S.K.: 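My questions will all concern the structure given below.
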Protein chains: 2
Amino acid sequence: MRVTIRQIAEESGVSRGTVDRVLNNRGKVRPEVEERVRKVAEELGYKPNLLGRALIKMKENIKIGVILQDTGTPYLKTLSDGIKKAKGEVEDFGGTVIVKAVDYGNVEQTLAAMNKLKEAGIKGLVLMPINDKRVLQKIDQFTEEYGISVVTVNADVEDTKRICFVGQNSVQSGRAAAGLMHDILREEEGTIAVISGIETNTSLSDRIYGFCDEMKKISPKTEILDTKYCFEDDLIAAHLTESILNRYEDLSAIYITCHGEKGVCDTLRKHKKMKKVTIIACDLSRQNYRYLKNGDIKYLIGQDGRYQGYEAVMTLYRLLFNDEPPKKEHKYTDIIVKTKYNI
Amino acid sequence: MRVTIRQIAEESGVSRGTVDRVLNNRGKVRPEVEERVRKVAEELGYKPNLLGRALIKMKENIKIGVILQDTGTPYLKTLSDGIKKAKGEVEDFGGTVIVKAVDYGNVEQTLAAMNKLKEAGIKGLVLMPINDKRVLQKIDQFTEEYGISVVTVNADVEDTKRICFVGQNSVQSGRAAAGLMHDILREEEGTIAVISGIETNTSLSDRIYGFCDEMKKISPKTEILDTKYCFEDDLIAAHLTESILNRYEDLSAIYITCHGEKGVCDTLRKHKKMKKVTIIACDLSRQNYRYLKNGDIKYLIGQDGRYQGYEAVMTLYRLLFNDEPPKKEHKYTDIIVKTKYNI
DNA sequence: CTGAAAGCGCTTACAG
DNA sequence: CTGAAAGCGCTTACAG
């Protein structure tokens, strides 16, 4: 049977309250008593039972807020799924998780949602952040002024007081795409287009940085066109692809960091360029699995959104319920390579 | 604030004990009372707080046993890590996890360990199984006679009463290897050697089955040699490779399902065949990452051992502590493809 | 500086 | 068939 606080109390001839004071460094204990209690605890190999502690935390009704940007992408769906799973577990243990969605990249709504959640009394916030000054400032205000711990998910914002980031190492994801791209194209020259979603998402801009930087190294003669933004929209992606194809007839490849693959593929097919242009994309979606299978997309460089959502909430849970701070500032999830063979 | 059993009791004018009897179907409640309580619980949206329940379960001091075969492989290390992590969490909540190691493929030791753990009073067992009749029978005896739930990890044994398997879909892993192998070799003819670990590990034999079956489909003219077994040992693997190279000078590729990659690579290098022979292996180890980087190994088709170990123990935890049976009989983990670019 | 009591939500005997 | 009490391990006021 495990050692309890009661056994330590009996063994060292004090009350349970005193043992609690010693073991949790609440002070107000005579040094010699403190020493005795510590020694007994040590000898008996005491490890606190989290259940007892959690039962009390419950009285506080700890609330965790979540703010997601509604990109309408399959990735967001998996992220939400993970958050829902965590919400279930947290609420099983008497906590509350409040999820709010804002429009993609909408700073005003994000700030408003943050204020609302603060009013609701959250102790921690999971934020899919926008790389905007006001949002960054708000994160620091949450942390320092309100004592609300912030965990960023999906995209990170460095130089803020957020306690932890859960997501992909996006620069590395871009590099992986570059390596595979080079592997396929082989020839030394060629033109590659990059289509992204929105400028204020660091997750996407980091991928682009990694991709371009690595390509420059391993394939210096390849020309990489300026990034175009499709806002995760197939129609816009189609238009962009159209105008790229018009200008660059000998296009070798397209790197898509975001949603909008259908617009790209449709346009390529229309121009009968599907075979000529190699596509590497990112979203692990059903649609893209079909494209992988029929060969339209060569590789997907993806991430486990479900795990990210789950882990972001649980990181705060562990901090707020068990006083267990995150071990690392960056919780990077695997860079997942999908070919037609491991869907 | 969340609804508690006390609120339901007050609302429906009965005691908490009666509410408990109704909500947990313990019977012995007057139908009209039962109905009233259920209705109130429904209206208030009651969800049991697992903390209260868990605190009581603790009195039972639930024990979970784990039996691993000590293959000495890096994979086993990651599996153990995951189990240790789960052990920590289970013990935080007042349970006990007892881990036993047996020699690789040793049936006697496995049976002995199972008996020992049964004597120790475990309520659940995580087993890395051996595909041997006596072990299979013992699993069923555990389940049916002793009421000890068994979860298999790493390798599965179908047709037993084990409640769940956590691990890779090994057949599919073999197929993925075949697909990639075909992609590289391209030419229609060729000879491929298969090196495995031990015959009684279904995880390995399933990979071989998947690999051969898929190759037959997509590349029917390729010759696949009979599987050789190296017992996860580099020296034996080296000898096997030696004799294969002597007989088949034009060998195209080697598929290694197990540990022993160093033996294979050393021998190939000695024979100056490294460039000619494509290697696909499975273990996600540091050693293999080096081989990936320098190009000796082309792909790794791996699995997340840490997660598997963790999840196997936690599956039993959820069952034994929260009465939450596993949702699926097969908890397949991702088939991870590593190239030199996403290590 | 220290102890005794109350309580978190739930379940388990026990008494009626 | 039902209720009142005790208790799981821990922390939190409160009283001294």
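First the proteins, then the strands, lettered A, B, ... as listed; each starts at 1. This structure is a prediction, so every number in the text was calculated from the model and none was measured.
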S.K.: Roughly, in whole Å, what's the span from CD1 in A:Ile62 to C1' in C:dC8?
M.R.: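 The answer, rounded to whole Å, is 13 Å.
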S.K.: If you assign B:Gly13 and A:Gly52 each to the DNA chain D nucleotide with the nearest heavy atom, which residue ends up on the more 5' nucleotide?
M.R.: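 On the 5' side of the pair lies B:Gly13.
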S.K.: Under 4.0 Å: is that the gap between some side-chain N or O of B:Ser15 and OP1 or OP2 of D:dT2?
M.R.: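 Checking B:Ser15 against D:dT2: no side-chain N or O falls below 4.0 Å of OP1 or OP2.
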S.K.: Among the candidates D:dG3, D:dC1, C:dT11, find the nucleotide nearest to the side-chain atoms of B:Arg30.
M.R.: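 It is D:dC1.
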S.K.: Parallel under 30°, tilted from 30 to 60°, perpendicular over 60°: which one fits the rings of A:Phe93 and B:Phe93?
M.R.: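 Parallel, since the angle between the ring planes stays under 30°.
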S.K.: Do the side chain of A:Thr18 and the main chain of A:Val14 share a donor and acceptor less than 3.5 angstrom apart?
M.R.: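 Between the backbone of A:Val14 and the side chain of A:Thr18 there is no qualifying donor-acceptor contact (under 3.5 Å).
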S.K.: Nearest whole angstrom, please: distance from the P of C:dG7 to the CZ of A:Arg16.
M.R.: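 In whole Å, C:dG7 P lies 14 Å from A:Arg16 CZ.
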S.K.: According to a strict under-4.0 Å criterion, is B:Asn49 in side-chain N/O contact with OP1 or OP2 of C:dC8?
M.R.: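 So the side chain of B:Asn49 is outside the cut-off, no N or O lying under 4.0 Å from OP1 or OP2 of C:dC8.
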S.K.: Tell me whether the OP1 or OP2 atom of C:dG3 has a side-chain N or O from A:Thr18 closer than 4.0 Å.
M.R.: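 Affirmative; the distance criterion is met.
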S.K.: Write down the distance between CZ (A:Phe321) and C1' (D:dT11), rounded to a whole number of angstrom.
M.R.: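 Taking CZ of A:Phe321 and C1' of D:dT11, I get 16 Å after rounding.
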S.K.: Find which nucleotide of DNA chain D each of B:Glu34 and A:Ile56 is nearest to by heavy atoms, and output the residue with the more 5' nucleotide.
M.R.: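 Its nearest nucleotide lies further toward 5', so the answer is B:Glu34.
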S.K.: If you only use heavy atoms from C-beta on, which nucleotide in C:dC10, C:dC8, D:dC8 is closest to the side chain of A:Arg6?
M.R.: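 Looking only at heavy atoms from C-beta outward on A:Arg6, the closest nucleotide is D:dC8.
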S.K.: Convert the base pairs of DNA chain C into dot-bracket notation, remembering that pairs crossing earlier ones are written with [ ] and that bases paired across to another strand are shown as |; include only Watson-Crick or G-U pairs under 3.5 Å.
M.R.: |||.||||||||.|||
S.K.: Side chain of B:Lys28 only, heavy atoms from C-beta on: which candidate in D:dC8, D:dA6, D:dC1 is closest?
M.R.: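 For B:Lys28, the side-chain atoms sit closest to D:dC1.
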S.K.: Please check this pair: side chain of A:Gln308 against backbone of A:Val153, looking for a donor-acceptor N/O pair closer than 3.5 Å.
M.R.: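 No.
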S.K.: Between P on D:dT11 and CZ on A:Arg21, what's the gap in Å once rounded to a whole number?
M.R.: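 Going from A:Arg21 (CZ) to D:dT11 (P), I get 12 Å.
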S.K.: Tell me what A:Tyr46 touches on the nucleic acid: a base, only sugar-phosphate, or nothing, going by heavy atoms under 4.0 Å.
M.R.: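 A:Tyr46: backbone/sugar contact only, no base atoms under 4.0 Å.
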S.K.: Testing A:Arg30, A:Arg36, A:Arg38 for salt bridge (Lys or Arg N to Asp or Glu O under 4.0 Å) with A:Glu34, which one passes?
M.R.: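 With A:Glu34 as partner, salt bridge (Lys or Arg N to Asp or Glu O under 4.0 Å) holds for just one option, A:Arg38.
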S.K.: Report the distance from atom CG of A:Asp140 to atom OG1 of A:Thr160, rounding to the nearest 0.5 Å.
M.R.: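 Atom-to-atom, A:Asp140:CG and A:Thr160:OG1 are 5.5 Å apart.
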S.K.: Working to the nearest 0.5 Å, report the span between NZ of A:Lys138 and CE of A:Met114.
M.R.: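 Atom-to-atom, A:Lys138:NZ and A:Met114:CE are 7.0 Å apart.
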S.K.: Do B:Asp334 side-chain atoms and B:Ile336 backbone N/O form a donor-acceptor pair below 3.5 Å?
M.R.: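 The answer is no, because no donor-acceptor pair under 3.5 Å joins these two groups.
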S.K.: Please state how far atom CG in A:Leu55 lies from atom C1' in D:dG9, giving the value in whole angstrom units.
M.R.: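 Rounding to the nearest Å, CG of A:Leu55 and C1' of D:dG9 are 8 Å apart.
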S.K.: In Å, rounded to the nearest 0.5 Å, how long is the span from SG of A:Cys164 to NZ of A:Lys331?
M.R.: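 If I round to the nearest 0.5 Å, the distance is 5.0 Å.
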S.K.: Round to a whole Å and report the spacing from CD of A:Gln7 to P of D:dC8.
M.R.: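 So the two atoms are 11 Å apart, to the nearest Å.
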S.K.: Starting at CD1 of B:Ile5 and ending at C1' of D:dG3, how long is that distance when rounded to a whole Å?
M.R.: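 My rounded result for the distance is 14 Å.
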S.K.: Please state how far atom CE in A:Met58 lies from atom P in D:dC10, giving the value in whole angstrom units.
M.R.: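 It is 15 Å, rounded to the nearest whole Å.
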S.K.: Hey, does the side chain of B:Arg26 come within less than 4.0 Å of C:dT12's phosphate (OP1/OP2), counting only N and O?
M.R.: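 Checking B:Arg26 against C:dT12: at least one side-chain N or O falls below 4.0 Å of OP1 or OP2.
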